[in-house]
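Following: one structure in structure tokens, then a few remarks.
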Amino acid sequence: ITKKLKQNMDKFYELDQDTIDQFFAIFNKKSFPVNVAFKFIGSSKQKKIIAIKKMADEYAYILEKELMVYINEELMEKFDEKAREILIDQEIDKLSIDIGTGKIKMIKPDLTTFAALVNKYGIEEVSRANQVEILAVEQKEDQEADDFIM
């Protein structure tokens, strides 16, 4: 075994079935238009509880899976049940599946901000401000495109 392979073997591990079941308890509450095949891997070096990544086509073909779900169980144990649910739910919400083609994309969250701002103004106000900003940018881009055409 090469040194690199040995390092990877120390980094990754098989997840407990309870962890996988907890993921599916949250995932199954959502409605996705197609079935999705997951490969679960424990990752001791990962700095967050969960990460979902789309597999490269050749790996998807070999493994007959579409998405890799990396979970750090050691880190997960440090959070209470509600926090784990929120963090898993948040990662699942990054999945976008095209009904027509079945193509899976990972999308960025529609709200990213600082906790201090949420505490100061409330989530509704911060979200509204971010949505207004997004709309303003989109309108500016549309206007620039219209100006270019003319």
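Because the structure is a prediction, the values reported are computed rather than measured.
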TODO: Go through the steps for Leu87 and Phe79 under the test side-chain contact (heavy atoms from CB on, under 4.5 Å), then give the verdict.
DONE: CA-CA 10 Å; Leu87 293 170; Phe79 289 83; 4.1 Å; yes
Open item on the list: Applying side-chain contact (heavy atoms from CB on, under 4.5 Å) to Met76 and Ile88, what does each step give before you reach the verdict?
Closed with: CA-CA 10 Å; Met76 188 178 222; Ile88 292 169; 3.4 Å; yes
Task: Working for side-chain contact (heavy atoms from CB on, under 4.5 Å), residues Ile52 and Met106 - done: CA-CA 8 Å; Ile52 300 175; Met106 301 300 294; 4.0 Å; yes
- [ ] Determine, step by step, whether Lys65 and Met55 satisfy the side-chain contact (heavy atoms from CB on, under 4.5 Å) criterion, reporting the C-alpha distance in whole Å, the side-chain angles of both residues, the deciding distance to 0.1 Å, and the verdict.
- [x] CA-CA 8 Å; Lys65 307 288 184 188; Met55 280 194 205; 3.5 Å; yes
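Atom CD of Glu14 has 12 or fewer heavy atoms from other residues, nucleotides or ligands within 6.0 Å. With a 6.0 Å radius and a threshold of 12 heavy atoms from other residues, nucleotides or ligands, Asn119 has its CG atom above the threshold. Taking a 6.0 Å sphere around CG of Asn28, one finds it holds more than 12 heavy atoms contributed by other residues, nucleotides or ligands. For Tyr13, the OH atom sits in a packed shell: over 12 heavy atoms of surrounding residues, nucleotides or ligands are nearer than 6.0 Å. The number of heavy-atom neighbours closer than 6.0 Å to CD of Glu58, taken from other residues, nucleotides and ligands shown, is above 12. The number of heavy-atom neighbours closer than 6.0 Å to CD1 of Ile99, taken from other residues, nucleotides and ligands shown, is 12 or below. Taking a 6.0 Å sphere around OH of Tyr59, one finds it holds 12 or fewer heavy atoms contributed by other residues, nucleotides or ligands.
Screening Glu85, Gln90, Glu91 for a side chain to side chain contact (heavy atoms under 4.5 Å, CB included) involving Ile26 leaves a single residue, Glu85.
With Asp16 contributing its side chain and Thr19 its backbone, the two residues share no donor-acceptor pair below 3.5 Å. Between the side chain of Ser44 and the main chain of Lys11, a donor-acceptor pair closer than 3.5 Å is present. For Asn72 (side chain) and Lys48 (main-chain N/O), no donor-acceptor pair under 3.5 Å exists by modelled atom type.
Under the 4.0 Å criterion applied to side-chain N and carboxylate O atoms, Lys30 and Asp89 are assigned as salt-bridge partners.
Ring planes of Phe38 and Phe27: perpendicular class, angle over 60° (limits at 30 and 60°).
Here the CG atom belonging to Asp57 is positioned 5.5 Å from the NZ atom belonging to Lys54, to the nearest 0.5 angstrom. Distance check, rounded to the nearest 0.5 Å: NZ of Lys45 to OH of Tyr70 gives 16.0 Å. A distance of 4.0 Å separates CD1 in Ile104 from CD in Glu66, rounded to the nearest 0.5 Å. To the nearest 0.5 Å, the span separating CD on Gln46 from CD on Glu74 amounts to 12.0 Å. Summarising the geometry, atom CD1 belonging to Ile20 is positioned 8.0 Å from atom CD belonging to Glu73; distances are rounded to the nearest 0.5 Å.
Residues Met68 and Ile41 form a side-chain contact, since some pair of their non-hydrogen atoms from C-beta on lies under 4.5 Å apart.
Taking hydrophobic clusters as Ile, Leu, Val, Met, Phe, Trp and Tyr residues chained together by side-chain heavy-atom distances below 4.5 Å, Phe24 shares a cluster with Leu15. Under a hydrophobic clustering in which Ile, Leu, Val, Met, Phe, Trp and Tyr are joined whenever their side-chain heavy atoms come within less than 4.5 Å, directly or via other members, Phe32 and Leu67 fall into the same cluster. Linking Ile, Leu, Val, Met, Phe, Trp and Tyr residues whenever their side-chain heavy atoms come within less than 4.5 Å places Ile49 and Leu95 in a single cluster. Phe23 and Leu75 fall within a single hydrophobic cluster, where Ile, Leu, Val, Met, Phe, Trp and Tyr are joined by side-chain heavy atoms under 4.5 Å apart, directly or via other members.
A donor-acceptor contact closer than 3.5 angstrom is absent between the side chains of Asp18 and Gln22.
Residue Val34 comes nearest to Ile97 through the heavy atom pair CG2-CG2, 3.5 Å, listed as atom of the first residue, atom of the second, then distance. For Ala37 against Glu64, the heavy-atom pair with the smallest separation is CB-O, 3.7 Å.
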